[in-house]
Amino acid sequence: MNQMTALEKDVETQKTKIAAKNVNVYYGESHAIKDVNVEIEDNTVTAFIGPSGCGKSTFLRCLNRMNDTIDICRVTGDIEIDGEDIYDSRVDPVQLRAKVGMVFQKPNPFPKSIYDNVAYGPRIHGLAANKAELDEIVEKSLRRGAIWDEVKDRLDAPGTGLSGGQQQRLCIARAVATEPEVLLMDEPCSALDPIATAQIEELIDELRDSYSVVIVTHSMQQAARVSQKTAFFHLGNLVEFGATGQIFTNPEDPRTESYITGRIG
Amino acid sequence: MPTLWLVFTLIALAALGFVLGRQRALASAGGDVKLLHSLPAYYGHNVALSAIVPAIAVLAIWSLAQPMMIESRVAAMIPAESIAENTTVSLVMSDVRRLAEGLDQAVEAGVLDAAGANALEAQTIDVRALLAQVGVALGSEVSPEVLAAAQRYRSLTATGSILKTVVVLLLSLGGFAWAYGRTHKDFRARNVVEQGIMALLILAASLAILTTVGIVFSMLFESLNFFGLHSWSDFFFGSTWAPNFRGDSELSILPLLWGTLYISLIALLVAVPVGLFAAIYLSEYASGAVRSFAKPLLEILAGIPTIVYGLFALLTVGPMLVRIFGQGEDGLLGVEWMSGATSVLTAGLVMGIMLIPFVSSLSDDIINAVPQSMRDGSLGLGATKSETIRQVVLPAALPGIVGAILLAASRAIGETMIVVMGAGAIAKFSLNPLESMTTITTRIVSQLTGDTDFASPETLVAFALGLTLFVLTLGLNVLALYIVRKYREQYD
Ligand SMILES: Nc1ncnc2c1ncn2[C@@H]1O[C@H](COP(=O)(O)OP(=O)(O)O)[C@@H](O)[C@H]1O
Ligand SMILES: [Mg+2]
């Protein structure tokens, strides 16, 4: 399936945002991702599921070149965002990461004020010409993160003082503030309670309007609730990729079926 | 019995106790280990410990206390008038001890028999000549009082030793018998041994703490002596350090404190940036290979004896500075600012070099304690490595780094060898880093070495200086540890 046919297919299908071809990842000698091909669409939530250790996080981190920060990690193959190879030597990984935001498993607000947490990215990338503009970006981002109402009176309080769910929404707001085009989320709810999880899931659904969202999750219910597309990884292979409804109701591969019915842990 | 033999006997008893206790426990269970409450060796250990620990403890205390008690009783025998003008009781007592030892040797060599040694009288026999035969040289003729005291000293020591041997052996046998009697298959030997071991460990820990307390108190008493002889206001608020032997010394700590702080400041100005940058490089940038090679190398620096740094200051850094700022080999800058190799700058630079590994290894630990997720968060937003370090890692690590700097400062203030060799001996207030200056530690060394009289304020001032230094560094350490601990909690 190339880009042209994807565009032509039907109205439900969005244009391809990220295209990965023959991606292999090695940690030293160990082969963590094996020949993965996938096309991730814009304005869509794509879920990566699979047993732990199958390489979901590793593949996710290829998409914003976070794997570059690991010495022993080596990535081969092509990954294109909007048709541009992100592993090309002309691409600055630092700029790329502003465009491809990331939210991590454990909420990791900086030990700074709520305001400074959100303003961190815009300041680094020079997105605001003056204080008023910065204030505006911070407010807009906190609103997008669905946490504005809870923190608007205490923007100077430390971000680390918030509850786990609020911290995670703050981290989402922080990622949103650099105006990314893609949002990568690595098990964003695994450290949260059910209520906070529900809030984040609702937020993810709203974020789909503006971004291409890729979410790694170990919860199949969550994948079913929030995503339109699902990719199932197993032992470093991308076993199956398709519409979420189809993967969950009518998987093609026996391994997918075993995992979904709980036979592969 | 000599103490060494006594100890060997106790060890033999303990070994015997181990074997017998073990056997008895096994026998009480009919040879079946499973019926015993504890493993057989525990019964053995129980008997062995009971035989040796109380006995050894009493032996140790007795051996320390006996000479003190005997001395005080014998010293009372010497009449005040027989203590000559220019001596003291303690000098006479050392004569007594020496004479007593001489008599012991004479008896051993067969020149005297035991009764004869006790019956000696100074008037009838030349004791000095007699002892010279067995190779004991006495400083002066023996007076009757000293001879009588020495004889008394000998007899008290002899009875004391016999009594000590008897009591220690009885205690050991008693402990043996008691523990052996209690050995039975239902006896909880394992629990008893556990408690015994805990007691031993507590003893070790309290010894360490008690010695520290002892050190502080001895310093405190000597300092009080000093303040009895010299005004405290001159010490703390005076402006001049000028000891002399005419009895009107000015002994103020302030010029010394100034030198100490000035040198420490220069040392920190060298050590903090270099150490911190080294730590940042090693923990954030260096590859595994470089780190595994550079980190141990840096830590070897920390193991160099400070006297070696002192030599480095004296022989290399000092002359080098003179070449730059003075007329050494005609001077590089052509100025005449520095004449001698010792200066604040010399000592400060070398001390800074000494502190680099200290600062860097502490900072490295602290930077590594900042969670990786913090860095990922920043890198994931498109920050570069150095932006991440400056804006996230360092602010997060700041309290810990401040603590590390305070610890380094307290080492700088207490450092001795480098300043003794590199700083000079002149106490003064000056801002010129090229002049030589002196520090608290240097003055302590010089007041206490050489021919000193331990009752003059010029000597005792060393204790007051030492105590001030102790309080200063203790305060810094407590503050630093508090900050570092507070910081650790943040990420646990
Ligand atoms: N930093 C790393 N160094 C070495 N091996 C790694 C590293 N991160 C992950 N791996 C290995 O790569 C494989 C995939 O890991 P990961 O992508 O974290 O799996 P998942 O997120 O699906 O649980 C695992 O076998 C894991 O041990
Ligand atoms: Mg993972």
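Protein chains get the first letters and strands the later ones, always in sequence-line order, with residue 1 at the start of each.
Checking side-chain atoms of Glu187(A) against main-chain N and O of Gln105(A) turns up no donor-acceptor pair under 3.5 Å.
The aromatic rings of Tyr26(A) and His31(A) sit parallel, their planes meeting at an angle under 30°, below the 60° perpendicular limit.
Heavy-atom pairs under 4.5 Å with chain A were tallied for Ser287(B), Gly377(B), Gly288(B); the largest tally goes to Gly377(B).
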Lys99(A) and Gln95(A): CA distance, side-chain angles, deciding distance, side-chain contact (heavy atoms from CB on, under 4.5 Å) verdict: CA-CA 7 Å; Lys99(A) 203 165 107 176; Gln95(A) 289 300 321; over 6 Å; no

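Donor-acceptor pairing under 3.5 Å is lacking for the side chains of Ser283(B) and Arg291(B). In this structure, a donor-acceptor pair under 3.5 Å is absent between the side chains of Ser360(B) and Ser363(B). A donor-acceptor pair shorter than 3.5 Å cannot be found between the side chains of Asn108(A) and Arg375(B). For Ser410(B) and Asn477(B), the side-chain atoms include at least one donor-acceptor pair closer than 3.5 Å.
Interface residue Phe110(A): backbone and side-chain heavy atoms are both found under 4.5 Å from chain B. Only the backbone of Pro109(A) comes within contact range of chain B, with heavy atoms under 4.5 Å apart. Contacts between Val103(A) and chain B at a heavy-atom distance below 4.5 Å are absent for every atom of the residue. Looking at Arg174(A), both its backbone and its side chain come within 4.5 Å of chain B, counting heavy atoms on both sides.
Taking 4.5 Å as the heavy-atom cut-off, the residues of residues 378-392 of chain B that approach chain A are Ser378(B), Leu379(B), Gly380(B), Leu381(B), Gly382(B), Ala383(B), Thr384(B), Glu387(B), Thr388(B), Gln391(B), Val392(B), ordered by number.
Arg169(A) has a carboxylate O that lies under 4.0 Å from a charged side-chain N of Glu150(A), or vice versa, which qualifies the two as a salt bridge.
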